[in-house]
**Student:** 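Here it is, the structure, as structure tokens.
The chains referred to below are lettered A, B, ... by the order of the sequence lines, with proteins before strands, and numbering in each begins at 1.
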Amino acid sequence: MGENEYIINVTGLKKAFKVSKREEGFGAAIKSLWSRNHETVYGVDGIDLKVRRGEIRGLIGPNGAGKSTTIKIMSGILHPEEGKVDIMGFVPWKERQKFVKKLGVVFGQKSQLWWDLPPIDTYALNREMYHVPRKRYDELIDYFKELLQIEGVVHKPVRQLSLGERMKCEFVCAMLHEPELVFLDEPTIGLDIISKENIRKFIKQVNQDLRTTFILTTHDLSDLENLCENVTIINKGRVVYDDSLSQLNRYFSQKKLIDVQFQEPLAPDMLKEYTLLASDELTATIELDLAEGDLRQFVYELLGKLPVQDINIRNIPIEDVIREIYSS
Amino acid sequence: MFFLKAVQTNMKQFLQYRNSFLISIAIHPFILLLNIFLYRSIFAHNGAEQIKGYTLTEMIWYTAGITFVWIFIWNFAERRISDYVVTGDLSIHLLKPINIFWYELSAAVALRMTGILLEFVPDIIVYSVIYPPSFLTALSLAKFVIVCVLSFCLFFLINYLIGMTAFALKSNSGLNEFVYISMNLLGGGLLPLDFYPAWLQRICDFLPFKYIFYYPIQIFLNKESVNSWNEWGSIVLTQLAWIAGGYLLCHVLWKLAIRKFCAVGG
């Protein structure tokens, strides 16, 4: 594979923004007419990112972490201050018009379809826009119709579609020119569970059939768990985690959660030596730091001391891990 | 070809709103009637055959000409572009392999083709029944249509330039209003420029606006001052010169604006 192994190769990316600072109040609003205080803030502060061809990569981070800025730079509509970007052999912002021909984008919050027309009209326009050969276009439309079960839907005006139906159609719109790389920005936001599953199935299938690389930003962790092998977490303009999702579970594997159920109600002070995350008379969730104690020994002692009916040992849930990473 | 497909798609879209076009068919004859009454009483009051070189028929049809020119030129490119800039939707358009100028032009062309079909054609028939245009010939109508197409281009460029000011101003509705009023007053979109004092007419000579309203309507009225091929040709050439200048300005400013937009982010 060599050079071509990575479809995205970003190193040392930096982007600064001028933020104007203004005091509260009307006087300050007047004053800002002639004098403004600017502050330079690094929205992206040295990001490295490598993505292999055919990957579905999760890109997550709290609001304002620098995700969108990174995506904007990678899609060619923002120039960085520093850093090297090589995507599909392009420097995106230098050859934007050529570059975007190979790029697909789906926004969960913005529509690319013509609101008053059936999706099929937007598709026909996109066929001209991207110079898709007629025959290939027909094949793809049939393939997507079948895969997403939108036979009748593409002929109804967009304004009459449900959000779930519309998102399916948005995907087709972004895929018709068979882009090598697709950015998905919160593609499942606002969808019900079944629609979410349909969209995920579709992404997986297209990823297999067409070898499309997807970059997925989301706040829905079940998207990640279902789709992504690898996940990159960005916080405060830097990459704070870049590895497989299963590895993320082990990020805090030195901590275990132990759910215990008791045979009979306990007096509260019987549990006071443990780190409790939750407890009532009959149940308790205990956190154990493996650096401080051995799991086997801990459980052995617990069983000896307390009237345990049931016990369950688990890892810290991924939500908690991510919350921990976001807030650190 | 993408441009034609975009025109076609836009027309489909605008035809969804055919009711608003039908409303103008219903309203336009009333505007004509109003002007008939207005100018009849003005001419009767003065007891004159002509006012500033215009007969009663010409005066009434001058106002009809204003309506027709508007049907040929009207578009809202300035609002569309301002919205792209202010809402950030510009980014989405930049992610497509299209030239936004031509994309917007396709929308404006489609809008006007729909307008010509649903407004101009019925209007000119109804107007002719109400007040027959004795001056009109097939040739003068054809000449009028051609200069109107160029008026459309000129007006589109002005709108596009106003739209682009959103990059710097964010809110440009004040400027927009100012340009529209100037265009109407100094371009002959309210009254023939012949009614103005010489010094004001001199100012109008340096502006493109009279090539949008005044001259096309003169051609429509088949006025002697413009009915030679020479005169018509020089009007067309002047329009083309303004269009070339406007296009160049749009092109350069757009490049600068996009460069800045990509540097600081939307």
Side-chain angles (χ1 to χ4, degrees), chain A residues 15-19 43-44 66 68-69 71-81 92-107 109-118 120-132 157-159 173-174 177 179 182-183 185, chain B residues 1-21 80 83-107 109-111 114 167-171 251 254-266:
Chain A
K15 177 73 195 171
F17 292 104
K18 266 189 187 165
V19 182
V44 170
S68 325
T69 308
I71 294 274
K72 275 187 181 172
I73 294 171
M74 291 200 297
S75 48
I77 52 178
L78 201 57
H79 304 185
E81 250 88 59
W93 61 92
K94 286 198 175 144
E95 300 152 282
R96 185 171 51 80
Q97 291 249 12
K98 264 199 228 160
F99 172 73
V100 294
K101 271 193 185 171
K102 297 183 159 199
L103 185 71
V105 198
V106 177
F107 300 94
Q109 316 239 45
K110 277 181 176 160
S111 179
Q112 305 200 59
L113 298 166
W114 290 52
W115 189 245
D116 294 301
L117 300 178
I120 196 82
D121 284 328
T122 309
Y123 301 162
L125 184 64
N126 274 24
R127 187 178 85 78
E128 294 285 343
M129 194 187 291
Y130 292 98
H131 308 290
V132 183
V158 174
R159 63 180 129 82
C173 190
H177 56 293
V182 177
F183 291 128
D185 187 16
Chain B
M1 192 190 155
F2 175 70
F3 184 77
L4 294 179
K5 189 76 194 174
V7 170
Q8 189 198 7
T9 313
N10 272 297
M11 269 185 91
K12 274 191 195 171
Q13 165 112 338
F14 292 130
L15 282 169
Q16 302 285 317
Y17 298 102
R18 59 182 94 76
N19 287 348
S20 63
F21 289 99
R80 290 171 55 114
D83 285 351
Y84 293 159
V85 176
V86 175
T87 62
D89 281 357
L90 181 63
S91 307
I92 296 185
H93 285 287
L94 291 176
L95 291 175
K96 295 176 194 158
I98 49 168
N99 182 323
I100 294 177
F101 180 85
W102 293 102
Y103 185 72
E104 285 308 306
L105 185 62
S106 78
V109 167
L111 185 64
T114 319
F167 282 109
L169 301 175
K170 296 299 173 213
S171 155
H251 190 71
W254 183 259
K255 279 221 151 146
L256 291 175
I258 291 299
R259 197 176 296 163
K260 186 162 173 273
F261 183 83
C262 290
V264 299

**Student:** Where on A:Leu125 is there a heavy atom nearer than 4.5 Å to chain B: the side chain, the backbone, both, or neither?
**Tutor:**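 Both backbone and side chain.
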
**Student:** Just list the side-chain donor-acceptor pairs under 3.5 Å for residues 95-106 of chain B, sequence neighbours left out, or say none.
**Tutor:**
residue: B:Asn99; atom: OD1; partner: B:Phe101; partner atom: N; Å: 3.0
residue: B:Glu104; atom: OE1; partner: B:Arg80; partner atom: NE; Å: 2.5
residue: B:Glu104; atom: OE1; partner: B:Arg80; partner atom: NH2; Å: 3.4
residue: B:Glu104; atom: OE2; partner: B:Arg80; partner atom: NH2; Å: 3.2
residue: B:Glu104; atom: OE2; partner: B:Tyr84; partner atom: OH; Å: 2.7
residue: B:Ser106; atom: OG; partner: B:Tyr103; partner atom: O; Å: 2.6

**Student:** So, taking the atom named CD in B:Gln13 and the one named OG1 in A:Thr122, what distance separates them when rounded to the nearest 0.5 Å?
**Tutor:**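 Rounded to the nearest 0.5 Å, the CD-OG1 separation comes out at 8.5 Å.
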
**Student:** Within a reach of under 6.0 Å around CZ of A:Arg159, are more than 12 heavy atoms found that belong to other residues, nucleotides or ligands?
**Tutor:**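 Above 12, so yes.
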
**Student:** Residues in side-chain contact (heavy atoms from CB on, under 4.5 Å) with A:Asp185, at least two apart?
**Tutor:**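 If we apply the side-chain contact (heavy atoms from CB on, under 4.5 Å) test to A:Asp185, skipping adjacent residues, the hits are A:Phe107, A:Thr217.
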
**Student:** Using a cut-off of 6.0 Å, state whether more than 12 heavy atoms not belonging to A:Lys94 lie near its atom NZ.
**Tutor:**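 No, the 6.0 Å shell around NZ holds no more than 12 heavy atoms from other groups.
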
**Student:** Where do B:Met1 and A:Glu128 come nearest, in terms of heavy atoms and distance?
**Tutor:**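 It is N-OE1, 3.2 Å.
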
**Student:** Check whether B:Tyr17 gets within reach of chain A through its side chain, its backbone, both or neither, counting any heavy atom under 4.5 Å.
**Tutor:**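 Only the side chain of B:Tyr17 comes within 4.5 Å of chain A.
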
**Student:** Identify the two heavy atoms, one from A:Ala124 and one from B:Lys5, that lie closest to each other, and give their separation to 0.1 Å.
**Tutor:**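 Minimum heavy-atom contact is CB-CE, 3.7 Å.
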
**Student:** With a 4.5 angstrom heavy-atom cut-off, which part of B:Gln16 approaches chain A: side chain, backbone, both or neither?
**Tutor:**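 For B:Gln16, the contact with chain A is made by the side chain alone.
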
**Student:** If you take all heavy atoms of A:Arg96 and B:Leu94, which pair is closest and at what distance?
**Tutor:**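 Heavy-atom minimum between the residues: NH1-O, 3.1 Å.
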
**Student:** For the interface with chain B, which of A:Asp116, A:Thr69, A:Asp121, A:Val105 has the highest count of heavy-atom pairs at distances below 4.5 Å?
**Tutor:**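 Among the listed options, the one with the most contacts to chain B is A:Asp116.
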
**Student:** Is any side-chain heavy atom of A:Trp114 closer than 4.5 Å to one of B:Asn10?
**Tutor:**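 Yes, close enough: below the 4.5 Å cut-off.
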
**Student:** Less than 4.5 Å to any heavy atom of chain A: does that hold for the side chain of B:Leu4, its backbone, both, or neither?
**Tutor:**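 For B:Leu4, no heavy atom lies under 4.5 Å from chain A.
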
**Student:** Output the option from A:Trp93, A:Phe99, A:Tyr130 having the highest count of non-hydrogen pairs under 4.5 Å with chain B.
**Tutor:**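 Sorted descending by pairs with chain B, the first entry is A:Tyr130.
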
